[in-house]
Amino acid sequence: MESIQQCVEEIEGMIEDALARKQRMVVFLSGAPGAGKTLVGLDLTLRRKHAAQTSFVTGNLPLVKVLNAALARSYAKNRAAMASCAQGGYTTRDARILAEAATFKIVSAHGFLGTRGSAHQQKDGSVLVFDEAQRTYRKGKVVGDTPLEENEAELILAAQQESYAGEGMVVLALIGQNQAINRDELGIGAWFTAADKLGWHFAVADKTLDNAELGDEARWRNHVNRRKMQHGHLAHSLRFYRNAVLETWADLCLKGDVTKARNTASEKMKEHPVLLTRSLTDARAWIRSEVTLGERAGLIASGQGRRLAAEGMFVDQKPDIVNWMLAPSDDIRASSSLETVQNQYQIQGLELDYSLVCWDLDLRREDREWKAWKLHGAKWIKDNELEIAKNGYRVLLTRARKGMIVFVPRGDLDGRDMTREPSDYDAIAEYLLECGARALPSNNAD
């Protein structure tokens, strides 16, 4: 946690300096999945010196809903905190107002854009913490029924300039790695280009500039408006140890490095292996045998995995994410009921103790390589967005803190449904076993 503290203190100092000088500054914080970027952002948004003028902005609407609901429930239940407010001269009503203000600080990126740069839009704060900033959309992407006039990064900076003309302003851009799961996402380079075009200063660590998708990093490394950061990259995951190893294993599987994946599984995942089954009944039974009081489990699958409908899972339904993540385990709407499935767009940024990952033919093995497909009408067609598909499964494979089981259907053994060819599912299962996943002994024939 020392690196987190150093990071927060460095960024807080940069915010202080930029506001005092009335500068416009983009601060970049990069890091591995689970390294604590969002933790830093929320700390600065809710607890630090400039919290009153800071908002946490994210394009991940499910995360917004869950965080806001969790904060609201926490404040509502925390009577002791309200009593403390009263002792300090605040009333219970004041405490409730503080709670409402705190939850309001977490806003949707697309809601923030509003009228796309108009000075009449609501002011959300002179300091913005922009989560998953690499996921900003390109010019022309339809958002809220209207094509973007410029890319999102430029629109956000321009909107802040109009809203806070003559004042200091800071955008903290939290940058993840290998997490692009939507088409039309631009990546980290959009922010550098926008900052350069609009005359913003920017602070960035050398390690962040090593990002392969940035392109001409030398241009930004030596830029006249660059300020070097010492703690602007968080390299180590803070998640449960098993999760950190799981991230490595998932990455190797998706890269096609069978040998390293198998070695990782045999050397570092002996006690908590990735399990694989062809029986959804067995998968549910295993999850229920592992989960203890207070722990959370859930069914997750690719948003393109539409033939999982034959298994009773409908990836387009998007059950209410708040109840799915926060309702008690005996509530049928809760994830732990293992009745409804969330896709990668809903679950990104959220975690479970135990996950049941359901694999479909949108990402399959052909000629010892991964290939992406998408369902078009009643047929699978090839999809050129292989990295998007792989990153979607990367999200799914890294949601579990304690245990994960992968369910690969058997397909249509009667041969009537050509969209569920058994040999295609078999190839996926065989590959994952080759990578070190361990077969769960079967008790069922489904």
Side-chain angles (χ1 to χ4, degrees), residues 2-32 35-45 48-51 53-57 125-134 136 151-177 186-236:
E2 181 181 357
S3 61
I4 295 289
Q5 183 63 26
Q6 291 172 333
C7 178
V8 168
E9 290 175 357
E10 181 177 28
I11 294 173
E12 190 172 34
M14 288 182 168
I15 292 172
E16 177 83 16
D17 185 64
L19 296 181
R21 293 170 177 265
K22 297 186 177 181
Q23 279 187 341
R24 297 170 297 183
M25 170 82 72
V26 180
V27 179
F28 292 93
L29 173 59
S30 61
K37 301 182 297 295
T38 301
L39 180 63
V40 169
L42 289 172
D43 191 17
L44 290 163
T45 303
R48 295 289 166 167
K49 181 177 181 180
H50 297 285
Q53 60 202 102
T54 302
S55 287
F56 186 89
V57 185
S126 56
V127 180
L128 297 179
V129 179
F130 203 93
D131 194 33
E132 301 293 355
Q134 77 284 352
T136 51
N151 70 69
E152 270 190 312
E154 184 172 331
L155 287 171
I156 288 164
L157 298 189
Q160 287 298 92
Q161 286 184 193
E162 290 195 36
S163 295
Y164 296 93
E167 302 178 38
M169 61 199 79
V170 176
V171 172
L172 171 58
L174 307 181
I175 306 295
Q177 300 172 337
L186 280 174
I188 183 177
W191 288 95
F192 285 92
T193 302
D196 183 50
K197 179 178 179 179
L198 297 176
W200 285 54
H201 293 78
F202 61 92
V204 61
D206 287 340
K207 185 65 176 177
T208 305
L209 292 174
D210 291 338
N211 192 313
E213 69 181 29
L214 188 56
D216 184 13
E217 55 85 17
R219 173 189 176 191
W220 308 115
R221 193 178 298 273
N222 302 313
H223 198 285
V224 65
N225 284 340
R226 184 211 172 179
R227 182 171 172 180
K228 188 173 181 179
M229 294 184 70
Q230 300 299 318
H231 306 287
H233 179 79
L234 299 172
H236 303 293

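For the pair V26 and A173, the tightest heavy-atom approach, listed with the atom from each and the gap, is CG1-CB, 4.4 Å. Closest heavy-atom contact between S126 and L19: OG-CD2, 4.2 Å. Between S30 and H233, the closest heavy-atom pair is OG-ND1, 2.7 Å. Of all heavy-atom pairs spanning N151 and A190, the tightest one is OD1-CB, 4.2 Å. The shortest non-hydrogen separation linking D196 to H223 is OD1-NE2, 2.8 Å. Nearest heavy-atom pair, C7 versus H231, reported as atom, atom and distance to 0.1 Å: SG-O, 3.4 Å.
Separation of atoms OG1 (T38) and CG (D131) is listed at 4.0 Å; rounding is to 0.5 Å. Here CD1 of I4 is found 9.5 Å from NZ of K37. Values are rounded to the nearest 0.5 Å. Atom-to-atom distance recorded for I156:CD1 and L198:CG is 11.5 Å, nearest 0.5 angstrom. Atom CG of residue D206 and atom CD of residue Q230 lie 8.0 Å apart, to the nearest 0.5 angstrom. Within the model, atoms CD1 of I11 and CE of M25 stand 11.5 Å from one another, a figure rounded to the nearest 0.5 Å.
Remark: the Q134 side chain and the E132 side chain contain an N/O donor-acceptor pair separated by less than 3.5 Å. No side-chain donor from either of E10 and Q6 sits under 3.5 Å from a side-chain acceptor of the other.
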Self-check item: Criterion side chain to side chain contact (heavy atoms under 4.5 Å, CB included) on T208 and M229, from CA distance to verdict
Solution: CA-CA 10 Å; T208 305; M229 294 184 70; over 6 Å; no
Exercise for review: Test R48 against T54 for side chain to side chain contact (heavy atoms under 4.5 Å, CB included), laying out the working first.
Suggested key: CA-CA 9 Å; R48 295 289 166 167; T54 302; over 6 Å; no
L209/F192 under side chain to side chain contact (heavy atoms under 4.5 Å, CB included): CA gap, chis, key distance, verdict: CA-CA 10 Å; L209 292 174; F192 285 92; 3.9 Å; yes
### Trace of the side chain to side chain contact (heavy atoms under 4.5 Å, CB included) decision for L174 with V40
CA-CA 9 Å; L174 307 181; V40 169; 5.6 Å; no
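Of the residues M169, E167, Q160, the one that meets the side-chain contact (heavy atoms from CB on, under 4.5 Å) test with R24 is M169.
Taking 4.5 Å as the limit, every side-chain heavy atom of V127 sits out of range of all side-chain heavy atoms of L172. The closest side-chain heavy-atom distance from T193 to W220 is below 4.5 Å.
Aromatic ring centres of F202 and W191: separated by at least 6.0 Å.
Under the 3.5 Å distance criterion, the side-chain polar atoms of R226 are matched with a main-chain donor or acceptor of V204. E12 places a side-chain N or O within donor-acceptor distance of the main-chain N or O of K49, the cut-off being under 3.5 Å.
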